[in-house]
Structure formats: C-alpha cells, structure tokens
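Shown next, in structure tokens, is the structure this report addresses.
Chain naming here is simple, since letters A, B, ... match the order of the sequence lines and numbering starts at 1 in each. Here the structure is a predicted model, which is why all the values come from computation and not from measurement.
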Number of protein chains: 2
Amino acid sequence: MAARTSQRPVAARSTRTGASRPSKPRLTARDAEQPDTIDASQIDFGPLSQYLGYYLRRLYDGYRKHFVAQAADLDVQPREVGALFVIGLNPGLTPSQLSVALALDGAQITAMLNMFDSRGLVERRVSSVDARSRLVYLTPAGKRMLDKLRKLVGGFDRSFAGDALTDAELGQLIGLLAKLHAGIGD
Amino acid sequence: MAARTSQRPVAARSTRTGASRPSKPRLTARDAEQPDTIDASQIDFGPLSQYLGYYLRRLYDGYRKHFVAQAADLDVQPREVGALFVIGLNPGLTPSQLSVALALDGAQITAMLNMFDSRGLVERRVSSVDARSRLVYLTPAGKRMLDKLRKLVGGFDRSFAGDALTDAELGQLIGLLAKLHAGIGD
DNA sequence: TATTGTTATACTCTATAACTATA
DNA sequence: TATAGTTATAGAGTATAACAATA
C-alpha cells in the first residue's frame with residue numbers, strides 16, 4: 001500500500017544507521033542501454049561546484065587529514081589546538097567561557113579538559129569567589145606543548161595550500177572567511 | 001618517578017575517550033592573584049584568528065547546522081545532497097566512482113546507498129559487463145527529492161552569508177575555495 | 001590473485017539529558 | 001530555584017579490516 005509517491009511520513013526515519021536490508025539489486029538484462037562506463041575523471045558535478053558548503057566540507061576534511069598527518073607525533077586534533085591556544089592566552093578562564101569561545105558545548109569541554117588533564121597539560125582550580133567555577137591553566141608541560149604547536153602551525157596554511165594559491169590569494173581567502181565568520185551568528 | 005618533563009611516551013595515549021579519572025581540582029587558597037573574571041566577549045584568540053583551519057571548522061560547522069535546520073522536513077544531511085546531485089547527473093555510475101567523486105570510502109558509500117535504497121530514492125542494478133559492479137540510478141522518488149533539494153539549495157549560500165558578505169565577496173570566496181580545492185590533491 | 005561491493009567494528013565528534021555541588 | 005561543571009548515552013561521521021562474489 002501507499003503508492004511510492006512522496007507519501008512516506010517524514011518522521012519515520014528514526015535511526016539512520018543500520019540502513020535495514022537493502023532490496024536486492026535487480027538482475028536486469030537491459031543494461032546495454034546505458035553508457036555503462038563513466039570515466040571517474042569526467043564526472044559531472046553540476047551546480048555542486050558552485051556551493052559554499054561543498055567546498056567547506058571537502059576542504060576542512062582535507063585540512064584535518066593534513067594536520068593529523070603532520071602532527072602525528074604530538075597526538076593532537078585540530079580543534080584541540082584552538083583550545084590550547086585559547087587557554088594559554090587567557091589563563092584562568094572557566095570551562096563555560098571556553099565553551100562560548102570555541103562553540104563547543106559544556107560536555108565536550110569537560111571531556112577535552114579531562115583528556116588534557118590526564119596528559120598533564122592543564123590544571124583546574126576551584127575559583128575562590130564562586131566554588132562552582134573552575135579556573136583553567138596550562139601546566140608547564142601544557143606550555144611546552146603550546147610552543148611546539150605554535151611552531152608547527154606557523155607555516156601550516158602555507159604548506160596546505162601548496163602552490164594552489166599565492167600568498168596574496170591565501171591572505172584574501174582567510175580575510176573573507178574571517179569576515180563571514182564575524183558577520184554571522186555562528 | 002618520571003618527573004613531569006616531556007618524558008611521557010607519546011604512544012601511551014591509545015584511547016582518547018574515557019579520559020580516565022581527572023585529578024581533583026586543587027583547593028588552592030591563592031586564587032586571589034588572578035583576574036578571576038574574564039569577559040567572554042573579550043577572549044584573546046591570538047594567532048588563531050589567522051588560521052585557515054580554524055575558520056574552515058567553525059564555518060563548516062555553522063553551515064551544517066544552518067542546512068540541517070532548513071532542510072529538516074527533507075531529512076537530508078549536507079553530504080547526502082552532494083551524493084544525490086552526482087547520482088542524478090551521472091546516472092549509472094558505480095559505487096566506486098561515487099567514492100572517488102565524493103572522497104568517501106567504499107564503506108561509507110555503501111551505507112549511504114543502503115539508506116537511500118531503504119527510502120526508495122536510488123536503485124542499484126548489476127552491470128551487464130562486469131557482474132561485480134553495480135550501476136546506481138535515481139528512482140522517480142529520488143528525482144523528486146533532487147528537485148526539491150535543487151530549489152532549497154539554490155539560494156542557500158546567500159541566506160547563510162546573510163549580510164556578512166556582499167554578492168561579489170561571496171562569489172570571490174567561492175572562487176578562491178574552488179581554486180584551492182582544485183589545486184590540492186584533497 | 002586482484003577487484004567490487006559489502007559487512008563488521010571501532011574511534012571520533014556532536015548533542016541531549018540527568019546528576020552534583022554550590023549559589 | 002538557578003547555575004557551573006560533570007557524567008552518561010546515543011546518534012552521526014570516519015577509518016580499517018575482513019569477507020563474498022566475480023574477474
């Protein structure tokens with residue numbers, strides 16, 4: 001029942017994993033009608049190649065991989081770099097301030113701080129003015145880590161962009177991204 | 001044992017979740033020495049505000065949320081849009097070609113196709129020239145979905161950018177991102 | 001033996017709700 | 001009662017290895 005028009009209730013797709021029992025591929029004998037060979041290098045992306053989101057996803061993905069590969073010996077993820085910079089530059093800030101600054105929710109901040117803590121990179125002290133608050137500081141080891149990251153990350157954009165963009169273009173790109181970031185609520 | 005210099009073996013961090021038992025926050029009485037109040041609006045981001053990766057992460061994150069909010073009734077994730085566009089524009093391509101085109105590995109492609117299949121959006125036929133291959137097509141329902149997405153996505157970048165960027169700047173940004181994407185291996 | 005597609009598994013990331021301790 | 005931080009859990013995203021069918 002329910003002809004295969006767009007009748008399907010939209011809320012019916014509760015869980016997206018699992019992707020229950022795909023219907024068996026048809027064993028049609030009439031395959032000869034289609035090109036059957038599409039050169040992977042000449043795939044039509046249509047309007048996709050005009051969309052901001054498409055490039056943001058692809059490029060962030062590539063950037064992350066590039067970063068993780070180069071920072072393998074430090075065992076640090078990209079977003080953790082941001083966290084260590086912010087903590088280092090703003091000693092004594094609270095987890096909730098970190099949460100706002102990095103646009104990560106409290107639970108994620110706690111998990112990240114626990115991980116930093118277990119590695120001896122940060123320290124949390126209880127605030128003297130509000131015992132609910134914690135003040136976050138880099139330990140000496142955390143400062144050394146931040147120094148290493150500063151060096152690593154210094155020429156990173158340049159090496160990621162390779163010869164795809166000139167210095168001027170890269171600067172222009174970062175400027176536009178910064179302007180967009182600043183101009184939207186995020 | 002093992003003074004807290006950088007002696008810690010780097011490979012020791014096998015699992016990153018769990019973040020085993022954080023050391024209890026110190027109950028120091030000398031908290032009065034620090035500012036203790038950092039206005040969340042005046043956090044120092046230092047060089048972070050110069051890094052490509054920082055903006056790519058923040059902006060892609062915002063873009064994804066914006067998209068999911070607006071496309072809630074279609075129940076589609078951003079990357080699934082790309083997949084449906086590519087399948088629609090290249091009927092009869094194989095999962096491995098899709099994998100190259102979208103930079104997702106085979107397992108992810110299969111999972112996505114299973115999900116599309118269970119929703120009646122795509123169909124997989126076995127190739128007549130190589131029985132290992134599958135040829136992927138949009139069903140009529142898949143084509144209707146693609147039409148809806150085309151409409152939704154048409155003005156999407158513009159609405160995401162809001163008044164943060166002019167049309168010219170947005171075009172310039174997409175141009176630079178496309179150039180960067182094309183110029184690196186990704 | 002190599003390749004296509006698939007399944008299984010695990011780790012990371014993200015989001016939500018519930019709990020604690022303080023206020 | 002409200003807030004800061006934490007814990008627990010589950011859903012998505014990503015990566016890897018192993019497997020079946022076919023070449």
Side-chain angles (χ1 to χ4, degrees), chain A residues 13-25 27 40 57-58 60-62 64-65 67-69 75-80 82-83 93-100 102-115 117 124-136, chain B residues 13-25 27 36-37 40 57-58 60-62 64-65 67-69 75-80 82-83 93-100 102-115 117 124-136:
Chain A
R13 192 164 154 235
S14 50
T15 182
R16 292 176 60 99
T17 28
S20 44
R21 104 234 99 73
S23 49
K24 272 238 158 67
L27 296 167
R57 180 182 82 76
R58 294 288 298 250
Y60 175 60
D61 196 46
R64 198 175 42 73
K65 285 173 188 158
F67 180 86
V68 171
D75 193 14
V76 175
Q77 298 295 316
R79 67 172 193 170
E80 297 168 5
L93 88 176
T94 64
S96 39
Q97 289 170 330
L98 250 185
S99 170
V100 173
L102 300 174
L104 300 174
D105 65 35
Q108 286 174 266
I109 295 294
T110 294
M112 198 188 296
L113 289 177
N114 285 349
M115 186 269 293
D117 195 334
R124 282 170 282 193
R125 304 183 196 144
V126 298
S127 165
S128 58
V129 307
D130 183 342
R132 293 173 304 182
S133 282
R134 302 291 181 269
L135 307 179
V136 184
Chain B
R13 192 165 151 233
S14 50
T15 181
R16 293 176 59 98
T17 28
S20 45
R21 101 229 103 73
S23 50
K24 272 239 157 66
L27 296 166
D36 211 298
T37 358
R57 180 182 82 77
R58 293 289 298 251
Y60 175 61
D61 196 46
R64 197 174 43 72
K65 283 174 188 158
F67 180 87
V68 171
D75 193 14
V76 175
Q77 299 293 317
R79 66 174 193 168
E80 297 169 5
L93 50 48
T94 65
S96 39
Q97 289 170 330
L98 250 185
S99 171
V100 173
L102 300 173
L104 300 173
D105 65 35
Q108 285 174 268
I109 295 293
T110 295
M112 198 189 295
L113 289 176
N114 285 350
M115 185 270 293
D117 195 334
R124 280 171 284 191
R125 304 183 198 145
V126 298
S127 165
S128 57
V129 306
D130 183 341
R132 293 173 304 181
S133 282
R134 302 291 181 270
L135 307 180
V136 184

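Atom CD of A/Gln108 and atom P of D/dA8 are 17 Å apart (whole Å). Put simply, CZ on A/Arg64 is 9 Å from C1' on C/dT12, counting in whole angstrom units. A/Asp75 has its CG atom 13 Å from the C1' atom of C/dC11, to the nearest Å. Per the geometry, CE belonging to B/Met112 stands 8 Å off P belonging to D/dG13, to the nearest Å. In this structure, CD1 of A/Ile109 is placed 14 Å from P of D/dT7, rounded to the nearest angstrom. Between the CE atom of B/Met115 and the P atom of D/dG11 there is a distance of 16 Å, rounded to whole Å. Rounded to an integer number of Å, the gap from CZ of A/Phe67 to P of C/dT12 is 15 Å. The separation between A/Arg125 atom CZ and D/dG5 atom P is 15 Å, rounded to whole Å.
Here the side chains of B/Leu135 and B/Thr94 are in contact, with some heavy-atom distance below 4.5 Å.
A/Phe67 is linked by a ring pair (Phe, Tyr, Trp, His ring centres under 6.0 Å) to A/Phe156, counting only residues two or more places apart in sequence or in another chain. Taking A/Ser99 as the reference, A/Ile109 meet the side chain to side chain contact (heavy atoms under 4.5 Å, CB included) condition, with sequence neighbours excluded. A/Ser133 pairs by the side chain to side chain donor-acceptor pair (under 3.5 Å) definition with nothing, not counting sequence neighbours.
A pairwise comparison of heavy atoms in A/Arg64 and A/Pro78 identifies CG-CG, 3.6 Å as the closest pair. Smallest separation of non-hydrogen atoms from A/Leu113 and A/Pro95: CD1-CG, 4.0 Å. Nearest approach of B/Leu102 to A/Arg57, heavy atoms of both residues: O-NH2, 3.2 Å. Shown here for A/Thr110 and A/Arg124, the closest heavy-atom pair between the two residues is O-NH1, 4.3 Å.
Checking the phosphate oxygens (OP1, OP2) of D/dA12, no side-chain nitrogen or oxygen of B/Gln77 falls inside 4.0 Å. At D/dT7, one or more side-chain N or O atoms of A/Asn114 fall inside 4.0 Å of OP1 or OP2 (strictly under the cut-off). Proximity of A/Arg79 to the phosphate of C/dT14: a side-chain N or O atom is located under 4.0 Å from OP1 or OP2. Dashed line: the shortest gap from a side-chain N or O of A/Arg124 to OP1 or OP2 of D/dT6 is under 4.0 Å. Between A/Lys65 and D/dA15, a side-chain N or O to OP1/OP2 separation shorter than 4.0 Å is present.
Counting only heavy atoms from C-beta on, A/Pro95 has its side chain closest to D/dT6 among D/dT6, D/dT14, C/dT14. In the set D/dG5, D/dT14, C/dT14, D/dG5 carries the atom at the smallest distance from any side-chain atom of A/Ser96.
The residue among B/Asp105 and A/Gly106 whose nearest nucleotide of DNA chain D lies closer to the 5′ end is A/Gly106. Checking A/Ser133 against B/Pro78, the closest nucleotide of DNA chain D that is more toward the 5' end is the one next to A/Ser133.
Nucleic acid contact class of A/Thr110 (heavy atoms, under 4.0 Å, all strands): base.
Judged purely by atom type and a 3.5 angstrom limit, B/Arg134 uses its side chain to pair as donor or acceptor with the backbone of B/Arg132.
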Provide a list of protein-nucleic acid N or O atom pairs under 3.5 angstrom, restricted to nucleotides 19-23 of chain C.
unit_1: C/dA23; atom_1: OP1; unit_2: A/Ala131; atom_2: N; d: 3.1

Protein-nucleotides 17-20 of chain D N/O pairs under 3.5 Å:
none

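Under a 4.0 Å N-O distance rule, the pair A/Asp61/A/Lys65 qualifies as a salt bridge.
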